[in-house]
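One structure is given below, encoded as structure tokens.
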Amino acid sequence: MVQEAMTEKELITITIDRFTDLQQIKKANGDHENEMLDYLIKVTTAKLSSLGVNIEDITL
């Protein structure tokens, strides 16, 4: 089986989708504290930053 490499643009798109999904979950949780969710958002933010994506415009 041959595996095709993901382009940087595809990686950025998938990571943005993950970031927005996590934000929607956080918003739906309201005031409920979820340390794991907060951690996943921080990690995804760091990944997007390392890919040169400014998340200010896509943050809820």
Side-chain angles (χ1 to χ4, degrees):
M1 181 181 278
V2 176
Q3 188 175 25
E4 293 183 32
M6 185 181 304
T7 67
E8 185 174 343
K9 189 170 186 170
E10 290 171 323
L11 178 60
I12 289 170
T13 299
I14 289 169
T15 309
I16 287 172
D17 290 344
R18 177 177 172 91
F19 180 71
T20 56
D21 290 345
L22 291 170
Q23 286 188 98
Q24 290 173 13
I25 293 167
K26 183 169 180 70
K27 186 173 183 175
N29 280 344
D31 292 334
H32 178 64
E33 183 71 26
N34 187 328
E35 290 181 19
M36 180 54 73
L37 180 58
D38 292 339
Y39 173 74
L40 291 172
I41 290 171
K42 283 182 183 182
V43 169
T44 307
T45 299
K47 288 179 181 180
L48 287 169
S49 178
S50 73
L51 292 167
V53 176
N54 182 350
I55 62 160
E56 288 181 20
D57 293 337
I58 59 173
T59 301
L60 289 176

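The first residue in the sequence is number 1, and the count goes up from there. The figures here come from the full heavy-atom set of this structure, side chains too, leaving out hydrogens, waters and symmetry mates.
Note that NZ of Lys9 and OG1 of Thr7 are 8.0 Å apart. Values are rounded to the nearest 0.5 Å. One finds the CG atom of Asp17 at 12.0 Å from the CD1 atom of Ile12 (value rounded to the nearest 0.5 Å). A distance of 5.5 Å separates CG in Leu48 from OG1 in Thr15, rounded to the nearest 0.5 Å.
Residue pairs meeting the salt bridge (charged side-chain N to carboxylate O under 4.0 Å, His left out) criterion with at least one partner in residues 35-45, sequence neighbours excluded, are Lys26-Asp38.
Heavy-atom minimum distance, Ile58 versus Gln23: O-NE2, 2.9 Å. Of all non-hydrogen atoms in Glu8 and Leu51, the two that sit nearest each other are OE2-O, 4.0 Å. Of all the heavy atoms in Asn34 and Leu37, the pair that sits closest is OD1-N, 2.9 Å.
Checked by atom type and distance alone, the side chain of Thr44 never pairs as donor or acceptor with a backbone atom of Ile41 at under 3.5 Å.
Taking 4.5 Å as the limit, some side-chain heavy atom of Leu40 sits within range of a side-chain heavy atom of Arg18.
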